[in-house]
**Student:** 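Take a look at the following structure, please.
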Amino acid sequence: MLDSTRRDARPRIAPAGLMFLAITSIGWGFNWPVTKFLLSELPPLTLRGVTGVLGAVLLAALALVRRQSLKVGPGIWPRLLTAAVLNVTGWMVLMGLALLWLPASEAALIAYTMPVWASIMAWPVLGERPTVLRTLGLVMAFVGLASIMGGNGFAASVEKLPGIIMALAGALGFAIGTVFSKKYPIHLPPITAAAWQIGIGCLPISIIGLLVETTHLSLVTPVGWWLLVYSTVVQFCIAYVSWFAALARLPASVAAIGTMAVPVIGVVASALALHEPLGPGQIAALIFTLAAVVLATR
């Protein structure tokens, strides 16, 4: 494998990259309340796995229509499999399960501490020494988590603990995948890369879900079917392709900062659509979490 840790002194910020980043943030942000709603009608593994596989098939078809090859070189397979497990399988399973214990807004806030952990992991792996701002960001991230866990009292926090652990584990796994991908990038077109990673990552989830879970499609409401279309097309197809396109055009730090819009959109959308609380505890967690990510990625 080739080491790709070399960085340009003054990387250029492409306007198209910012556009793709905005599309990603909106698509992923609204998906938090969408997934929370769908979990009331479908089991978590089946929901996350099957929609992901369908999204991967649509992306593969789109690549073929655009005459882009789906071929993967032998040297790319280890990177592709590792990235798929960390960035898709672990993320989808852990975040889907976390939503069984946490409101969508709180799960989104914990999930997007990911850039903080990525900044810390980049020191031993990429040689990027942590700065004072990144260290302060880590402290603020823990303050944000504490405000979530203690917002409604100790008893409520104990009930939420499984969800908090799963969301945090998903964020850590995604951070490891991000650092891994920076060191060993996957040299494929964005649509092809997204199709393979989502397909590989979601296929085992869908198989396990179909084997161990009971799905009653008759219980899915008309709203639920429309939200399934959103989850498949927007989350997996449009948002993931836009994310890979943004990474190809923006410095990693700029892309990481841009993901801060995701929990903001998720918290506000969950409050409006699901009537989840947006009180002092959630607002404090939101402020501390976003501040932590800003400091960690500067």
**Student:** Drop me the distance from Ile76's CD1 to Leu81's CG, to the nearest 0.5 angstrom.
**Tutor:** 11.5 Å

**Student:** To the closest 0.5 Å, what do you measure between CD1 (Ile165) and CH2 (Trp101)?
**Tutor:** 10.0 Å

**Student:** Using 0.5 Å steps for rounding, measure from the CG atom of Leu99 to the NZ atom of Lys36.
**Tutor:** 6.0 Å

**Student:** Is it true that a side-chain atom of Ser25 and a backbone atom of Ala22 form a donor plus acceptor pair closer than 3.5 Å?
**Tutor:** no

**Student:** Distance check, rounded to the nearest 0.5 Å: Leu97 atom CG versus Met166 atom CE?
**Tutor:** 5.0 Å

**Student:** Are more than 12 heavy atoms from other residues, nucleotides or ligands located less than 6.0 Å from atom CZ of Phe174?
**Tutor:** yes

**Student:** Is the backbone N or O of Ile191 less than 3.5 Å from a side-chain atom of Gln68, with the two atoms forming a donor-acceptor pair by type?
**Tutor:** no

**Student:** For residues Tyr230 and Ile26, report the shortest heavy-atom separation together with the two atoms involved.
**Tutor:** OH-O, 3.8 Å

**Student:** Do you reckon Ile205 sits in the same ILVMFWY cluster as Val50, going by side-chain contacts under 4.5 Å, direct or chained?
**Tutor:** no

**Student:** Could you pull out the closest heavy-atom pair between Val72 and Trp77, with the gap in Å?
**Tutor:** O-NE1, 3.4 Å

**Student:** With clusters defined by side-chain heavy atoms of hydrophobic residues (ILVMFWY) lying less than 4.5 Å apart, directly or transitively, does Leu203 cluster with Val212?
**Tutor:** yes

**Student:** To the closest 0.5 Å, what do you measure between CD (Glu41) and CG (Leu47)?
**Tutor:** 10.0 Å

**Student:** For the pair Trp32 and Trp91, name the ring-plane relationship: parallel under 30°, tilted 30 to 60°, perpendicular over 60°.
**Tutor:** perpendicular

**Student:** Quick one, Phe30 with Leu227, criterion side-chain contact (heavy atoms from CB on, under 4.5 Å). Give me CA distance, side-chain angles, the key distance, then yes/no.
**Tutor:** CA-CA 10 Å; Phe30 281 110; Leu227 294 181; over 6 Å; no

**Student:** Does Leu100 belong to the same Ile/Leu/Val/Met/Phe/Trp/Tyr cluster as Leu219, with side-chain heavy atoms less than 4.5 Å apart forming each link?
**Tutor:** no

**Student:** Measuring only between side-chain heavy atoms, which start at C-beta, is Val229 closer than 4.5 Å to Val234?
**Tutor:** no

**Student:** Considering all heavy atoms of both residues, which atom of Cys202 and which atom of Phe236 are nearest to each other, and what is their separation?
**Tutor:** SG-CE2, 4.0 Å

**Student:** Can you find a heavy atom in the side chain of Leu62 that is under 4.5 Å from one in the side chain of Val241?
**Tutor:** no

**Student:** For the side chain of Thr46 and the backbone of Gly209, is there at least one donor-acceptor N/O pair under 3.5 Å apart?
**Tutor:** yes

**Student:** Could you see if Ile208 belongs to whatever hydrophobic cluster contains Leu38? Use Ile, Leu, Val, Met, Phe, Trp, Tyr and a side-chain cutoff under 4.5 Å.
**Tutor:** yes

**Student:** Can you check whether Ala239's main-chain N or O pairs, donor with acceptor, with Thr24's side chain at less than 3.5 Å?
**Tutor:** yes

**Student:** Side-chain heavy atoms nearer than 4.5 Å, only ILVMFWY residues, links allowed to pass through others: does that put Val223 and Val34 together?
**Tutor:** yes

**Student:** Looking at every heavy atom in both Pro43 and Thr215, which two are closest together, and how far apart are they?
**Tutor:** CG-OG1, 3.5 Å

**Student:** Does atom CH2 of Trp28 have more than 12 heavy-atom neighbours from other groups under 6.0 Å away?
**Tutor:** yes

**Student:** So which atom in Asn87 and which in Tyr240 form the shortest heavy-atom distance, rounded to 0.1 Å?
**Tutor:** O-OH, 3.7 Å

**Student:** Counting C-beta onward and ignoring hydrogens, is there a side-chain heavy-atom pair between Asn31 and Ser231 closer than 4.5 Å?
**Tutor:** yes

**Student:** Short question: side chain of Thr192, backbone of Ser69 - any donor-acceptor pair under 3.5 Å?
**Tutor:** yes

**Student:** Identify the two heavy atoms, one from Ala167 and one from Met95, that lie closest to each other, and give their separation to 0.1 Å.
**Tutor:** O-CE, 2.9 Å

**Student:** Between Arg79 and Pro185, is there a side-chain heavy-atom distance shorter than 4.5 Å?
**Tutor:** yes

**Student:** Return the OG1 to CD1 distance between Thr82 and Ile200, rounded to the nearest 0.5 Å.
**Tutor:** 10.0 Å

